[in-house]
Amino acid sequence: VQLQASGGGLVQAGGSLTLACTMSGGTFSNYPVGWFRQAPGKEREFVAAISWTGRRSDYGDSRFTILSDNAKNTVYLQVNNLKPEDTAVYYCAAGTLYGLYGRRPDNYDYWGQGTQVTVSS
């Protein structure tokens, strides 16, 4: 299983971004998926997660929305009202096949390479 995150970039504060995570070698609808972010000098931080059924989700912040598109085998993270403190590398991750999602990085087995989000003030 391999993950590819994309959609990052430079955004002004107050703006929005939609990040995408595609999976190869597997089907997203069979895996719990999480998004994390890591700013320089900080630990990896939980952002959002969705169950493999797509029926449950969890968020670290109400400005985030996680969506899955099974037809495209892609999971999206929409972030609204961006703030400079949201600047970080954003990572998507997949957990165990038919397993549970969680808020810790060690809840996940597969990781994408990350996409940089920079928010200017």
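Small disclaimer: the values here were computed from a predicted structure and weren't measured.
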query: Will you find, in the side chains of S51 and T53, an N or O donor that is under 3.5 Å from an N or O acceptor?
result: yes

Rounded distance (nearest 0.5 Å) linking atom OH of Y108 with atom OH of Y101: 8.5 Å

- prompt: When rounded to the nearest 0.5 angstrom, what is the spacing between CG in L97 and CH2 in W52?
  reply: 8.5 Å

field: Cluster link V75 to Y59, ILVMFWY, side chain under 4.5 Å
entry: yes

- request: For the residue pair W111 and F36, categorise the inter-ring angle as parallel (less than 30°), tilted (30 to 60°) or perpendicular (more than 60°).
  value: tilted

query: Any side-chain heavy atom of V117 sitting closer than 4.5 Å to one from R37?
result: no

- prompt: Quick one: are M23 and Y110 in side-chain contact, heavy atoms under 4.5 Å?
  reply: no

Residue E85 excluded, over 12 heavy atoms near CD under 6.0 Å: yes

- prompt: Honestly curious: do L77 and L3 fall in one hydrophobic cluster under the side-chain, below-4.5 Å linking rule?
  reply: yes

field: CG-CZ distance between D58 and R103, expressed to the nearest 0.5 angstrom
entry: 4.0 Å

query: For S16, does its backbone N or O pair with a side-chain atom of N80 as donor and acceptor, under 3.5 Å?
result: no

query: Checking T87 side chain against V119 main chain: does a donor-acceptor pair fall under 3.5 Å?
result: yes

message: Could you work out, with side chain to side chain contact (heavy atoms under 4.5 Å, CB included) as the rule, every residue matching T96, not counting sequence neighbours?
response: D109

task: Looking only at non-hydrogen atoms, find the nearest pair between N70 and S29 and report the distance.
output: OD1-CB, 3.6 Å

query: Are V11 and V47 in one and the same hydrophobic cluster, where Ile, Leu, Val, Met, Phe, Trp and Tyr link if side-chain heavy atoms are under 4.5 Å apart?
result: yes

task: Go through the steps to decide whether N107 and L100 satisfy the test side chain to side chain contact (heavy atoms under 4.5 Å, CB included), and finish with yes or no.
output: CA-CA 8 Å; N107 292 141; L100 299 175; over 6 Å; no

field: OH-OG1 distance between Y90 and T115, expressed to the nearest 0.5 angstrom
entry: 10.5 Å

task: Output the rest of the hydrophobic cluster of L10: all Ile, Leu, Val, Met, Phe, Trp and Tyr residues reachable through side-chain heavy-atom contacts under 4.5 Å, sorted by chain and number.
output: none

task: Ignoring hydrogens and angles, tell me if any N or O in the side chain of Q4 forms a donor-acceptor pair with the backbone of G112 under 3.5 Å.
output: no

- request: Indicate the atoms forming the closest heavy-atom contact of S121 with P84, along with that distance.
  value: CB-CG, 3.9 Å

message: Rounded to the nearest 0.5 Å, what separates atom CH2 in W35 from atom SG in C21?
response: 5.0 Å

message: Please determine whether the number of non-hydrogen atoms from other residues, nucleotides or ligands lying under 6.0 Å from atom CD of Q113 exceeds 12.
response: yes

task: May I ask you to test the Y76-T74 pair for a side-chain heavy-atom distance under 4.5 Å?
output: yes

task: Please answer whether the main-chain N or O of G26 pairs with a side-chain N or O of N73 as donor and acceptor at a distance below 3.5 Å.
output: yes

- line: Shortest non-hydrogen pair, V1 vs Y31, comes out as CG2-OH, 3.6 Å

message: I need the E45 CD to Y91 OH distance, nearest 0.5 Å.
response: 13.0 Å

